[in-house]
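Predicted, not measured: the structure shown is a model, and the values here were computed from it.
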Amino acid sequence: MRVLRVLSLSLAVVLAGGLVALGGGLTGNAMRFSSTAAAATTQSFDRSDLDRSCKPCQDFYQYATGGWAQHNPIPPAYASWGHFDALQNKNQEVLRSILESAAGSKNTFPGSIEQKIGDFYASCMDTKQIEADGIKPIEAELGRIAGIENKAQLQEEVARLQGLGVRALFRFGSEQDDKNSSQMIGSADQGGLGLPDRDYYVESDDRARQIREQYMEHIGKMFQLAGETNESATSDARSVLATETEMAKASKTRVELRDPEGNYHKMNPAELRALTPDFSWDAYFHTIGFPEIAEVNVGQPEFFQALSRQLASVPLEDWKTYLRWHLLHAFAPALTANFVDENFNFFGRVLTGAKEVQPRWKRCVVSTDRNLGEALGQKYVAQAFPPEAKMQAKAMVDNLVAALRADLATLPWMSDATRHEALGKLAAITLKIGYPDRWRDYSSYQVTRGRYLENIQGGSLFEFHRQLAEIGKPVDRTEWEMTPPTVNAYYDANMNEIVFSAGILQPPFFDPKADDALNYGGIGAVIGHEMTHGFDDQGRKYDAQGNLRDWWTPQDLKNFQERATCVEKQFDGFAVADGLHENGKLVLGESIADLGGITIAHMAFERTLAGKAAARKIDGFTPEQRFFLSFARVWGTIARPEYERQLTKTDPHPLPRFRANGVMMNIPEFATAFSCQAGDPMARPADQRCRIW
């Protein structure tokens with residue numbers, strides 16, 4: 001798995017019983033602000049989405065989305081439901097039509113896009129064959145694990161399983177060198193856990209202990225499905241939990257993982273050998289087929305030191321049990337219905353509160369997108385993303401860049417030396433909209449209508465080897481890290497680029513027929529969010545070329561950190577449930593980006609109004625009010641309590657209600673638009689407002 005410091009916008013969604021995760025240079029000095037709605041038909045939003053019983057200055061999120069929440073209950077197969085999910089669902093319907101057409105075609109050319117996506121989808125939908133095969137598709141791997149006789153063979157099997165998509169022991173792939181962003185190096189990071197985060201293993205509260213018990217029960221049931229007796233499965237489940245707990249104790253926290261300097265330790269083969277005397281990197285590189293790897297960034301050296309000691313001390317049979325579990329864990333969604341159901345029972349029902357497994361077709365759409373995303377994406381773009389939408393989105397980005405440039409040029413707390421660097425970085429940001437200019441070549445990935453699991457393993461091997469082949473080579477700056485139908489956007493600090501998929505450039509985020517207020521409050525704030533990531537608490541550590549370099553004066557850094565601390569403390573104060581609060585340090589980057597995004601989007605929006613007669617109200621709201629309503633509407637989401645707890649512990653994004661209200665409380669223009677008064681919850685006192693940009 002390629003490890004990138006990509007700061008994404010969207011929430012994850014629950015699929016198949018697990019979690020699927022679910023932004024040309026911009027230069028020039030002219031201050032141009034164009035209207036995105038020129039010659040467009042003004043669109044309204046559904047006023048029934050509002051909760052008129054709630055005052056906007058008391059709880060704006062409830063006011064803007066409370067009505068929507070009442071008539072949009074969470075579907076049983078989801079852990080949460082919001083506008084991200086609704087749009088993703090709409091995109092999946094488009095993909096389903098494409099895939100069913102390809103699967104049903106009798107005239108596809110072998111090796112063509114249509115053949116690959118059609119056969120992959122058809123193999124996933126062939127439940128008759130999957131049920132008939134039972135556990136046969138993984139019997140060979142189970143046999144290899146059973147035949148392990150020593151630690152050398154154990155490590156060889158780990159390397160083999162990682163290539164097939166099994167996340168055993170740690171993660172290995174390729175990444176840009178943080179301090180030489182033009183080159184790709186190897187990347188080794190902590191991993192190997194079955195639960196979503198290391199805290200699930202080490203926390204001592206009743207909820208954490210209960211989840212560990214249920215996790216152990218789940219492991220035991222999976223072993224029984226694979227043919228073990230109840231007694232053996234129970235014993236093996238205890239062994240797995242004990243092994244993973246020791247790995248978790250050596251793992252960094254989510255907050256610690258947000259520190260790029262603390263996760264940069266470039267090593268050569270000799271240094272790797274010294275780091276892990278009981279794990280042979282030379283043998284590992286040979287097994288994965290890339291013995292010439294010369295440089296690896298070891299993200300968490302302490303984890304690998306502890307893992308090396310654990311490899312020496314834990315009995316071989318316990319490690320074999322651990323590998324059997326992770327083999328079952330990785331491939332359960334591709335096996336028979338009893339594996340799928342048991343996998344969902346824990347990772348869906350227990351951890352997130354979802355009530356039902358997603359329909360088969362949705363799981364197969366997601367799986368095809370994950371394995372053949374840019375092949376399927378070509379077909380999606382042809383249907384759902386016309387060229388004029390790309391041009392209009394580009395015009396909005398230009399407007400927001402100009403607004404941020406003007407803001408940086410006048411920030412009172414930033415010195416000229418730092419300002420010069422910041423403006424240079426902004427000018428160097430690369431923009432990617434909709435889809436790649438060059439599509440990925442899948443010719444070496446053989447797809448058939450045979451066993452679905454073989455297609456899954458083939459896709460994992462294709463991607464694993466594709467990434468490993470990048471090591472030691474110049475960076476390919478045309479690459480995308482998400483597929484075109486994805487409802488998301490991201491900023492990549494090493495690339496210094498913002499990327500917006502065709503999937504998110506759809507209503508309610510972006511509508512070519514909508515007025516500026518709705519578009520700037522929706523996709524405009526998304527664009528501003530991603531641009532601001534280049535200057536958040538992580539992104540600010542990278543320069544215009546994407547290198548990890550300190551370009552701030554000491555005083556400017558102090559000024560920035562004081563303002564960032566304000567955001568951190570504000571989010572620390574948001575209560576989720578039962579004594580659980582948002583973790584201000586964990587969500588700091590996303591919260592800074594949300595605050596910057598709405599601020600910059602509002603600046604750009606105001607420029608579209610300059611020189612025009614006062615705009616009439618639409619749906620009873622002024623353009624300013626519609627702008628803020630559009631922003632809050634995007635975050636309309638209902639989530640199950642179990643899922644909110646999981647997100648609060650693991651997700652660097654705040655919960656949606658805090659994303660909307662937390663930002664608005666700091667925006668005086670919002671208070672003016674809705675006539676909020678001193679003392680109103682949505683109008684923080686001037687001396688308590690968090691303001692960076």
Side-chain angles (χ1 to χ4, degrees), residues 7-11 51 54-66 69 80 82-84 255 258 521-522 524-526 528-530 532-533 535-538 560-577 580-602 627-639 644-645 647-674 676 679-693:
L7 307 173
S8 66
L9 179 75
S10 71
L11 301 172
D51 179 0
C54 179
K55 302 297 184 183
C57 297
Q58 296 296 310
D59 182 342
F60 189 65
Y61 177 78
Q62 177 64 28
Y63 173 77
T65 69
S80 68
H83 289 291
F84 279 94
V255 171
R258 295 192 69 252
V526 172
H529 172 106
E530 301 307 337
T532 307
H533 267 316
F535 305 93
D536 70 13
D537 66 309
Q538 284 182 300
F560 176 87
Q561 289 175 331
E562 287 174 351
R563 287 158 174 77
T565 298
C566 176
V567 177
E568 177 187 327
K569 290 182 177 179
Q570 180 188 5
F571 279 81
D572 276 338
F574 290 139
V576 178
L580 179 66
H581 284 66
E582 287 282 8
N583 183 340
K585 284 186 169 62
L586 177 61
V587 303
L588 182 57
E590 297 299 330
S591 301
I592 289 174
D594 282 340
L595 180 58
I598 192 69
T599 300
I600 300 305
H602 186 261
F627 170 86
F628 292 114
L629 284 166
S630 179
F631 175 79
R633 174 180 64 164
V634 162
W635 297 113
T637 305
I638 315 168
E644 285 201 341
R645 293 186 68 88
L647 290 176
T648 303
K649 289 176 177 291
T650 63
D651 194 348
H653 305 81
L655 296 178
R657 61 183 180 275
F658 301 132
R659 297 189 79 164
N661 279 352
V663 165
M664 295 301 180
M665 292 175 180
N666 296 298
I667 306 294
E669 293 84 358
F670 163 78
T672 300
F674 286 92
C676 299
D680 287 338
M682 291 301 304
R684 300 186 90 190
D687 62 349
Q688 295 180 25
R689 287 183 195 138
C690 301
R691 190 92 179 197
I692 301 178
W693 313 111

Problem set entry | Distance-only polar pair, side chains of E590 and H529, donor-acceptor under 3.5 Å |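 Result is yes, a qualifying pair exists.
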When rounded to the nearest 0.5 angstrom, what distance separates [atom1] in [X] from [atom2] in [Y]?
X    : Y    : atom1 : atom2 : answer
T650 : L586 : OG1   : CG    : 8.0 Å
E568 : C690 : CD    : SG    : 10.5 Å
S591 : K585 : OG    : NZ    : 13.0 Å
H581 : N583 : NE2   : CG    : 11.5 Å
I598 : N666 : CD1   : CG    : 12.0 Å
L595 : M664 : CG    : CE    : 11.0 Å

Minimal non-hydrogen separation, [X] against [Y], with atom names:
X    : Y    : value
H533 : A593 : CE1-CB, 3.5 Å
R684 : C566 : NH1-SG, 4.4 Å
A575 : F658 : O-CZ, 3.3 Å
C676 : A683 : CB-CB, 4.0 Å
G597 : T532 : N-OG1, 3.6 Å
R633 : T65  : CA-CG2, 4.1 Å

Determine whether a donor-acceptor pair (N or O, by modelled atom type, separation under 3.5 Å) exists between the side chain of [X] and the backbone of [Y].
X    : Y    : answer
D680 : M682 : no
D572 : G584 : yes
N661 : Y61  : yes
E644 : L655 : no
Q570 : G662 : yes
R691 : W693 : yes
D594 : R659 : no
Q538 : R258 : yes

Exercise. What do you reckon, are the aromatic ring centroids of F571 and F574 less than 6.0 Å apart?
Worked result: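 F571 vs F574: aromatic centres under 6.0 Å.
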Exercise. Centroid-to-centroid, F670 to F674, below 6.0 Å?
Worked result: yes
For this session: Kindly assign one of parallel, tilted or perpendicular to the pair F84 and W635, based on the angle between their ring planes and the thresholds 30° and 60°.
Result: tilted
Exercise. Does the pair Y63 and Q58 meet the rule for a side-chain contact (heavy atoms from CB on, under 4.5 Å), with working shown?
Worked result: CA-CA 8 Å; Y63 173 77; Q58 296 296 310; over 6 Å; no
Seminar exercise, completed: The side-chain hydrogen bond (donor to acceptor under 3.5 Å, both in side chains) partners of Q561 (sequence neighbours excluded) come to none
Exercise. Do I592 and F535 have side-chain heavy atoms sitting under 4.5 Å apart?
Worked result: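 With C-beta onward as the side chain, the pair stays apart.
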